[in-house]
Every structure is written in structure tokens, then in C-alpha cells.
2 protein chains.
Amino acid sequence: MNPSESRARVTLADVARRAEVSLKTASRALNAEPYVTEHTRQRVLEAAAELGYERNAAATLLASGQRSDTVGLITGDLSNPFYTVLAVGIEGALRESGMRLSVASSAESPEQEWSLASAFASAQARAIIVASSLRDHTPYAALISRGIPVVFVDRPAVGIEADSVVFGDVDGGRAAAEHLLARGHRRIAFLGDYDWLPTSRGRLEGITERLRTDSEAAGGAGDGGASSLVVRMGVHGPDDAAACTAELLALDEPPTAIVAGNNRITLGVAAQSRRLDPGRRPALLGFDDFEWSDVVGISVVAGDAAHMGEVAARRALARMGDREERPTQTTLPMRLIERGSGERLAADPA
Amino acid sequence: MNPSESRARVTLADVARRAEVSLKTASRALNAEPYVTEHTRQRVLEAAAELGYERNAAATLLASGQRSDTVGLITGDLSNPFYTVLAVGIEGALRESGMRLSVASSAESPEQEWSLASAFASAQARAIIVASSLRDHTPYAALISRGIPVVFVDRPAVGIEADSVVFGDVDGGRAAAEHLLARGHRRIAFLGDYDWLPTSRGRLEGITERLRTDSEAAGGAGDGGASSLVVRMGVHGPDDAAACTAELLALDEPPTAIVAGNNRITLGVAAQSRRLDPGRRPALLGFDDFEWSDVVGISVVAGDAAHMGEVAARRALARMGDREERPTQTTLPMRLIERGSGERLAADPA
DNA sequence: ATGAAAGCGCTAACAA
DNA sequence: TTGTTAGCGCTTTCAT
């Protein structure tokens, strides 16, 4: 039936037979274990090469009862640069320890995410790192208790105690508000992603808090500058953000500054605001950095995604050491990077 | 030793015991196979849930002799948007067929790449899609003959006959040259990545060819406009590209137009050229599209990466159907997208 | 230094 | 409809 190729899988037994040694000896030779004569080792290696032998990972895993050397990463969007930079950070840290990274995407679907997590678990993944789209993470408790370390990144674990590595979103929000207030802005808009996302909430919280403080001070001093915040949540993706920006700019009293809740939103806002005369564009402050931000001149409040990845990977690695320590919550700093768009002053009220 | 958790793995046997059925019945119930009473199925499912059972994928794979439902993708750079968009395209197509995608990065190392490919193979991956960093792909022949479909994307297979899906780089190069010539440019620079990369070579080839044609015509007609091409290959990454751009612009007779060989190079060139007065910036034409290109106003010659991913995935899927067809070479079109930077005219020689 | 036997957790044939 | 018996390909004891 089969024209030319020898399709039958080559097994270790085949190699052993060809090298005229026992199964175990072949196994030892191939695994570079001690107690094999150099001579026999060579014989086995040759036989394996001639036969085109390739170890069956499933069998190895099963027989040894070990877990694989792969760590799974689940993100909601393979193409979001934030997550890909995160992935690079994770990979670098894992590589140092001889581990591999397998990246999968949930396409932001909670069901997909859980299905992927289960798949990783049943494939004996060594650990799972997840930027979760779930609102509640109790299901993950089962994986953890089964001995699979789970590290939550970017979005903290909800409903269970687990390791997580996140950015200081609230502080970031405060910094953003502070920055704009200092430049005279009193009508500020915040465009945030889905409002159940911890990042969106945190960033908004920081902004709100800082503006409230300002308003109170203004009220007390009576210097006339009570600030107002327009909030649009549930803005998902660039197109949505562009539409929302257009709407805001068409208001009677449009905001003089816009804060974009993440890199996708920043793109939409920038695209839309670019249609205005340069002099009439609102100040723009984005969350999360991106490669072109420098060229485009967009100021951002951002954390180091690659570093977040490293930290998360190390946490996972540490957990593999089977230490029964308490879960840790790591918060990484965000900082404001000035590039022009966020430094535009509020126009003087004519 | 173990404080609180019941660490022992729960096996199918445990579930069967608890449900008071045989191993096989439990297996059938869990796999939704026919010939199980609704009643017993429920019992088994409950038992599994109570015990926190999770199937051991390694054992399943081994026992069934099947391959897994995962397709592996190997790229050189997890964070390059070109590859991540490609990955999204692949994933979408695979999802329709119930397959999963596992993405891994070779960090552009040939050794890493081969190690990953082997790992995918021994993990029973259903197929492998690779944007290869290898100069020669004969090693992949072994995988293919072992029954694992391998599809080469972005860079064609070298040294073996295998499926590949690439862009029409040469045509793209021609289009780029044509576009610039039409706008009066006669001193053009091309910054390309490593010169062994088929994409770099092809793009350069197209440009060279078109310019040669032009020069011959000019020579014949004697209209004075023999064009010159400055080529810099081995330009890898934005920083390198920026440095190279600076160097070119400092020439006595700097190029009036720059063609950037890929998206990373485009970034570097744009960043550098931004330092000049707007009126003095060279025309810029990049290869490969990227999200911010529209906002930044950079003209590009690009193919549809997501579509490439889909096509590659479908090719892989088709191969899984065990058809012994001949390998196919698919070439996808690139088109030129005008956004401003590539339409600047060559300054009149004063 | 090498080998024989047992079994990892599961599914595939067969019975019953 | 359910259960029994063999393995899948490999690594482990425990000999030799």
C-alpha cells in the first residue's frame, strides 16, 4: 500500500536489536547514562542514526512518571505586542534553566483558556503562566494542588491564592493624572478596555483618585479649576477606540487630554486624533509601551513587559522546586515616559 | 512529608474503582464513546469529578498510537509582529479543524530550531510549520518521511522538496523600484537583513532587476538619468538600521529614497530619518506591513501575513489527510500601499 | 557493564 | 452493554 517510505515507527527495541544489545543498554546509551562502554555506546548511536530513530516523548514521560520540560503560556491575543514581549522575557529565563516555552492563545475566550490550561496539564506541562481572561480563577486551584505551578501575569488571581505578577496600575493611573493636571488639563477623558479587566479598573482608579484629590484642593482654595473626567469603558481594540475618540472630540466641550487604557486603544486614539490640525489635537497619554511609540512621539505610562516575563518565569521555576511557600504577589512599577504627546498644554480658556 | 495536599496522581483506574465499573467502561464514558448507559456514564463522570481526574495525554497518545492534535509553529522571533500575525492566521484555520497551535521560538538559532523541530516530532505533533533559520533543510526530510507534514512559511525549503508558502518577494522588489523611479528617484538605497535570507535576496533581486532595465533604457535614450543603487545587507534590527541610515544620509550624495528590507529595518530607518527636517527626509518604502504604519504614514510593500498563515495551515491540514501528493510551492502576492512616505519626490538637482 | 522483567496510564481487540 | 487481556515505547527496579 505504501509506495516508497518505510512508515513503521522505529522504536528503541529496533535500535537495540540492530546494535545487538539489550533494550536497557540502548536506552542508557541514548540517554548518556553512565555504565556503558564507549564502544557499545557508539554502536547504539550508529544504529539509531541508521534507523532514523526518534525517541517517543509520550512513552518517556509515561515510563518515567516525570513532567515534561515545557512551560505553557496562555494569552488572549498572540499578536498583541505586550504579550509577545512578555513571552520573550519568559522564554529567555526558561532557556537558562533548559526549559521550553509553548505559547497558546485563548483568543480571549474563557472556555478556550480553560481548555488550553487542561491540555497543558494533561500534557504534563511543568508549569503554566497565564494572562487570564477568566473572571474567577478557582478552577486553577485544582491544577495547583495537582502539583502544577500556575503563575498569573498582568492580571492577578481572583478567588484563589496564587502567585501573580502585575504592574502597579493604580500608581500608573495616578502618575498619568498628575502629569496632565500639571499641564493645565481639567477636562480629561479615559478610554478603558472591558471594565472587568483588573488593569482597566486599576488604571482608572488611580486617575479618579488623583483627580478627586485635586478637585478637593481646588474646592478649598477656590482657584476655579475643578477637574472633570469623562470615562468610556468597554472600548476594545483600535477601531472601537477611534470611534470613541471621534465622539468625544465632537462634544461641545471636548476633553483637552485623553488617556488610553492600553496599547490597542492608544493606536485607535492616535489614528483618529491625527485627522485634526496638529495644534488642535488633545494631549495623549497611553498605557503600555510599543515599538513605534518613540517614532510616533506618544507619551506612555508603561511597565517593562519583558521583565515581567522574567519575573513570572522565575517564580514558576522556583515553584517547581516543590517549595510549599506561600503564594506571592509581585507588583512591578510603571513609569511615565515623555515623548511629546502627553506634554501638550491645555489651551487657555479663551 | 507532604503537608496537606493529596499529591498522588488520580488515574483512570481510580475513577473506575470509585464508579464500580471496569477500566474500559470508565474509558468509554470519559471519551463519550457509544455503548455506555446514560446511568453508568453519569456515575463515571461524577467519580472523575470527585476525584479531580485528569487524563494523562502521554498515556493516551502511547496507547492509541495516534499523533496529538497539536501543530507546532517555529519562528525566529516571538515578538516580531509579522510572525505573530502569521500565527493568528494559522491558529484560526486550525481551530476550525479542532487542532491546536503551539508556538515556539528558535531565537534565530539554527540549533535551537532543529531542537524544537525534533521536540515537536517526538511529542507527536500533527504537523510542523516553520519560518526557518536554517540554510539547508535536508534534515527535515527525515521528519517528513516519518509522516509529519512540514510546511515552510515565508522562507522556502532549500535542499528538499517540501510544501512552502512564500510571498512574491521579487515582484515586490520590482514594484518598489518602479514606484520610486516613477517619482524621480535615481539614487536609491536598499537596507536588507542577512543576505542569506531568501526574502532579503528576493526583494533585492527585484529592485536590482528593475533598476537595470531602467538604466538600459536611460542609456539608450540618453536622457541622463542612470540610476544607482546603494545596497547594505546584513542590517539586522532597528538599531543597526538606524546606524546604517545615519551613515547613508551623511554621504556626499545621499540617497533620495530608502527601501527598508523588513519591518524591523523600517523602524530604524524611520526613527533616524525623523531627526531631519521634514522637507529633507528621503522617501521611505518599507517591506512588510505593521499596525502603526497608517498612523506614521509609511508606505509599504506587503503581503497578507494572516492569509499566509491560513494557507500554510490548510496545506498542513491537507497533508495530514495522508495524501501523497507532490509538494506545492505557493507564492502569495505583495502589494504596494501608499501612505505618504514612499510618495515623496526626488528633489530636483539644483 | 549489561540484561530481564515489571509496569507507567491508557486504548484496542476481543470476549462475555 | 460491559469486562478482560494485551500491549503502546519507554524507564525503572533488581539481578547478573
Checklist entry - Within less than 4.0 Å of OP1 or OP2 of C/dT11, is there a side-chain N or O belonging to B/S27? => result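 Yes, within the criterion.
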
Item to check | Contact under 4.0 Å: A/T25 side-chain N or O vs C/dT2 OP1/OP2 | outcome: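 Answer no for this pair, as no side-chain N or O of A/T25 is under 4.0 Å from OP1 or OP2.
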
Salt bridge check, [Y] against [X]: does any charged N sit closer than 4.0 Å to a carboxylate O?
{"X": "B/R315", "Y": "B/E310", "result": "no"}
{"X": "A/E161", "Y": "A/R326", "result": "yes"}
{"X": "B/D69", "Y": "B/R126", "result": "no"}

Item to check | A/K24 side chain, from C-beta outward: closest of C/dC10, C/dT2, C/dG3 | outcome: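 Among C/dC10, C/dT2, C/dG3, the one nearest the side chain of A/K24 is C/dG3.
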
Next on the checklist: Closest-nucleotide mapping onto DNA chain C: is B/A13 or A/A26 further toward the 5' terminus? I mean the 5' end.
Outcome noted: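 Closer to the 5' end of DNA chain C: A/A26.
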
Next on the checklist: For A/N56, is there any backbone N or O sitting under 3.5 Å from a side-chain donor or acceptor partner on A/T60?
Outcome noted: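 Yes; at least one donor-acceptor contact below 3.5 Å.
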
Checklist entry - Hey, is the main chain of B/G159 close enough, under 3.5 Å, to the side chain of B/H137 for a donor-acceptor pair? => result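 Not at all, since once roles are kept as given, no pair shorter than 3.5 Å links the two residues.
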
Whole-Å distance separating the [atom1] atom of [X] from the [atom2] atom of [N]:
{"X": "A/R43", "N": "C/dA1", "atom1": "CZ", "atom2": "C1'", "result": "14 Å"}
{"X": "A/R67", "N": "C/dC8", "atom1": "CZ", "atom2": "C1'", "result": "14 Å"}
{"X": "B/L12", "N": "C/dC8", "atom1": "CG", "atom2": "P", "result": "13 Å"}
{"X": "B/L62", "N": "C/dG7", "atom1": "CG", "atom2": "P", "result": "17 Å"}
{"X": "B/L51", "N": "C/dG9", "atom1": "CG", "atom2": "P", "result": "14 Å"}
{"X": "B/N31", "N": "C/dG9", "atom1": "CG", "atom2": "P", "result": "17 Å"}
{"X": "A/L61", "N": "C/dG7", "atom1": "CG", "atom2": "C1'", "result": "16 Å"}
{"X": "B/Y35", "N": "C/dA13", "atom1": "OH", "atom2": "P", "result": "15 Å"}

Next on the checklist: Assuming nearest nucleotide by heavy-atom distance, tell me which of B/A59 and B/E20 is located more 5' along DNA chain D.
Outcome noted: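 Comparing both residues, the 5'-ward one is B/E20.
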
Next on the checklist: Of all nucleotides in DNA chain D that come within under 4.0 Å of a heavy atom of chain B, which is furthest toward the 5' end and which toward the 3' end?
Outcome noted: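 So the contact region on DNA chain D extends D/dT1 to D/dG9.
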
Next on the checklist: Using a 4.0 Å heavy-atom cut-off, does B/R28 contact any base of the nucleic acid, only the sugar-phosphate backbone, or nothing at all?
Outcome noted: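 Base: the residue B/R28, judged by heavy atoms under 4.0 Å, touches a nucleobase.
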
Checklist entry - Side chains of A/S115 and A/S118: donor-acceptor distance under 3.5 Å anywhere? => result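 Side chains of A/S115 and A/S118: no pair found under 3.5 Å.
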
Checklist entry - Do you see a donor-acceptor pair shorter than 3.5 Å between the side chains of B/E38 and B/Q42? => result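 On atom types as modelled, these side chains qualify, holding a pair under 3.5 Å.
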
